[in-house]
Amino acid sequence: MEDKMWSECEGPEMSLVCLTDFQAHAREQLSKSTRDFIEGGADDSITRDDNIAAFKRIRLRPRYLRDVSEVDTRTTIQGEEISAPICIAPTGFHCLVWPDGEMSTARAPEGLRWFQLYVHPDLQLNKQLIQRVESLGFKALVITLDTPVCGNRRHDIRNQLRRNLTLTDLQSPKKGNAIPYFQMTPISTSLCWNDLSWFQSITRLPIILKGILTKEDAELAVKHNVQGIIVSNHGGRQLDEVLASIDALTEVVAAVKGKIEVYLDGGVRTGNDVLKALALGAKCIFLGRPILWGLACKGEHGVKEVLNILTNEFHTSMALTGCRSVAEINRNLVQFSRL
């Protein structure tokens, strides 16, 4: 991998006013293999691209002559208040884009910490991790479901990322070991619905399932007494040609019938997108790639800027559609375009 993987975007010429501005500038800072790792999808990247395009097939139905002199973006998730329904999704290898990686990302947001778990075949290791994060004050356990095996990411294969993303970068294994980190940390291929009861027996944290895209799995999530669902297709990086997250959201929300909270991950790039997701029943959205773009440009400050830009855009979207609080955002604000 190229030695220089990051450099801070500085100078008076910089005018980063939206998330896609950060994307463009991040691409200039990063090596090709790192760009491909961040931006790449599985197979033909159809789902990756549709995550964004699907939002543009939804139109807004604004209401006017309402007093929007005060607009409140606050909401709650799992009973805890957050300043806006905008959160950071779990993404890997932040050190590829900024020297201290996840440390900078963690310093940037204020608020709740949830722990995302890829279930390891060793149950005791899972237990130790969960007990540790519980003692550190994390507020929820997020179990990712859609990665029993790694998706077919062609860009990474072409770039021979097996050589670049090795445990030598993190844990210094035996010389010459060229297996990727995500393969050297095994993920259980046998995880089943009935296994959730074991996790519930070892923690009092709310359990959120990440990666559900169908009403059938949403109904099973309710049946197994979890506390939330993140509608997600892993940014289009796992199984290609599945539904865009925003398109899957409607059937998942309908299936749970308000019994558990539903969140959305994938394709959010503007404040309008946040509004559309909430109008279709999401309690909040999670950002993946845009966080890495901000980090690549300005480290911790870039992450803060990305979050602030999206929050300000969402505030404007609320005001321009006549919503004074998150509670006033509803299904009547959107319609699906025939385009």
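Judged by distance alone, with hydrogens and angles left aside, the side-chain atoms of Gln131 form no donor-acceptor pair with the main-chain N or O of Leu129 at under 3.5 Å. Although no hydrogens or angles enter the test, the distance criterion places no donor-acceptor pair under 3.5 Å between the side chain of Thr311 and the main chain of Asn308. Using a distance-only test at 3.5 Å, with no hydrogens or angles considered, a donor-acceptor pair links the side chain of Arg289 to the main chain of Gly235. No donor-acceptor pair closer than 3.5 Å links the side chain of Arg324 to the backbone N or O of Arg66. The closest donor-acceptor contact from the side chain of Arg57 to the backbone of Phe336 lies at 3.5 Å or more, if one exists at all. Judged by distance alone, with hydrogens and angles left aside, the side-chain atoms of Thr47 form a donor-acceptor pair with the main-chain N or O of Glu241 at under 3.5 Å. Checking side-chain atoms of Arg59 against main-chain N and O of Gln335 turns up no donor-acceptor pair under 3.5 Å. Lys259 places no side-chain N or O within donor-acceptor distance of the main-chain N or O of Val222, the cut-off being under 3.5 Å. A donor-acceptor contact shorter than 3.5 Å links the side chain of Asn126 to the backbone of His120. Between the side chain of Asp72 and the backbone N or O of Ser325 there is no donor-acceptor pair closer than 3.5 Å.
With sequence neighbours excluded, no residue satisfies salt bridge (Lys or Arg N to Asp or Glu O under 4.0 Å) with Asp217. Partners of Asp273 under the salt bridge (Lys or Arg N to Asp or Glu O under 4.0 Å) rule, at least two apart in sequence or in another chain, are Lys56. By the side chain to side chain contact (heavy atoms under 4.5 Å, CB included) test, Asp21 pairs with Leu16, Val17, Cys18, sequence neighbours left out. Legend: residues meeting salt bridge (Lys or Arg N to Asp or Glu O under 4.0 Å) with Glu305, ordered by chain and number and at least two apart, are Lys298.
Nearest heavy-atom pair, Leu209 versus Ala221, reported as atom, atom and distance to 0.1 Å: CD1-CB, 4.0 Å. The two atoms that bring Asp195 and Ser190 nearest to each other are OD2-O, 3.7 Å, heavy atoms only. Looking at every heavy atom in both residues, Leu278 comes nearest to Pro85 through CD2-CG, 3.6 Å. Across Cys323 and Leu333, no two heavy atoms sit closer than the pair SG-CD1, 3.3 Å. In this structure, Gln200 and Ile207 approach most closely via the heavy-atom pair CG-CD1, 3.6 Å. Listed here is the closest heavy atom pair of Leu295 and Glu300: CD1-N, 4.2 Å.
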Q: Before giving the answer on salt bridge (Lys or Arg N to Asp or Glu O under 4.0 Å), spell out for Asp44 and Arg154 the whole-Å C-alpha distance, their side-chain angles and the decisive distance to 0.1 Å.
A: CA-CA 8 Å; Asp44 293 318; Arg154 295 174 185 170; 2.8 Å; yes
Q: Report the C-alpha separation of Lys223 and Glu219 in whole Å, then their side-chain angles, then the decisive distance to 0.1 Å, and conclude whether the salt bridge (Lys or Arg N to Asp or Glu O under 4.0 Å) test is met.
A: CA-CA 6 Å; Lys223 179 180 177 181; Glu219 289 167 353; over 6 Å; no
Q. Going through the checks in order, is the side chain to side chain contact (heavy atoms under 4.5 Å, CB included) test met by Leu287 and Val268?
A. CA-CA 7 Å; Leu287 284 180; Val268 173; 4.1 Å; yes
Q: Tell me, with the steps shown, if Lys210 and Leu145 meet side chain to side chain contact (heavy atoms under 4.5 Å, CB included).
A: CA-CA 6 Å; Lys210 178 177 180 287; Leu145 309 180; over 6 Å; no
Q: Could you give me the CA-CA distance, side-chain angles and deciding distance for Arg107 and Asp100, then say whether salt bridge (Lys or Arg N to Asp or Glu O under 4.0 Å) is met?
A: CA-CA 11 Å; Arg107 286 193 297 266; Asp100 64 354; 2.7 Å; yes
Q: Any chance you could lay out the side chain to side chain contact (heavy atoms under 4.5 Å, CB included) test for Leu310 and Ile285, step after step, and finish with the verdict?
A: CA-CA 11 Å; Leu310 194 61; Ile285 64 90; 4.3 Å; yes
**Q.** Test log, rule side chain to side chain contact (heavy atoms under 4.5 Å, CB included), inputs Arg27 and Glu39
**A.** CA-CA 10 Å; Arg27 287 184 63 83; Glu39 301 297 333; 3.9 Å; yes
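Under the 4.5 angstrom side-chain criterion for Ile, Leu, Val, Met, Phe, Trp and Tyr, the cluster partners of Ile77 are Ile82, Leu112, Trp114, Val142, Ile208, Ile230, Tyr263, Phe286.
If you run side chain to side chain donor-acceptor pair (under 3.5 Å) between Asn233 and each of Asn51, Asp265, Asp247, only Asn51 comes through. Under the side chain to side chain donor-acceptor pair (under 3.5 Å) rule, Thr144 has a single partner from His234, Gln116, Gln238, which is Gln116. The side-chain contact (heavy atoms from CB on, under 4.5 Å) test with Val334 singles out one residue from Asn272, Leu60, Leu275, and that residue is Leu60. A side-chain contact (heavy atoms from CB on, under 4.5 Å) with Leu141 is found for exactly one of Leu117, Val133, Val226, namely Leu117. For the side-chain contact (heavy atoms from CB on, under 4.5 Å) test with Ile212, the passing option among Asp146, Ile229, Leu220 is Ile229; the others fail.
Within the cation-pi definition used here (under 6.0 Å to the ring centroid, within 45° of the axis), Arg132 does not qualify as a partner of Phe138.
Within a 6.0 Å sphere centred on CD of Glu70, other residues, nucleotides and ligands contribute 12 heavy atoms or fewer.
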With a 3.5 Å cut-off and sequence neighbours excluded, list the donor-acceptor pairs that the side chains of residues 249-258 form with protein atoms.
unit_1 : atom_1 : unit_2 : atom_2 : d
Glu251 : OE2    : Lys215 : N      : 2.6

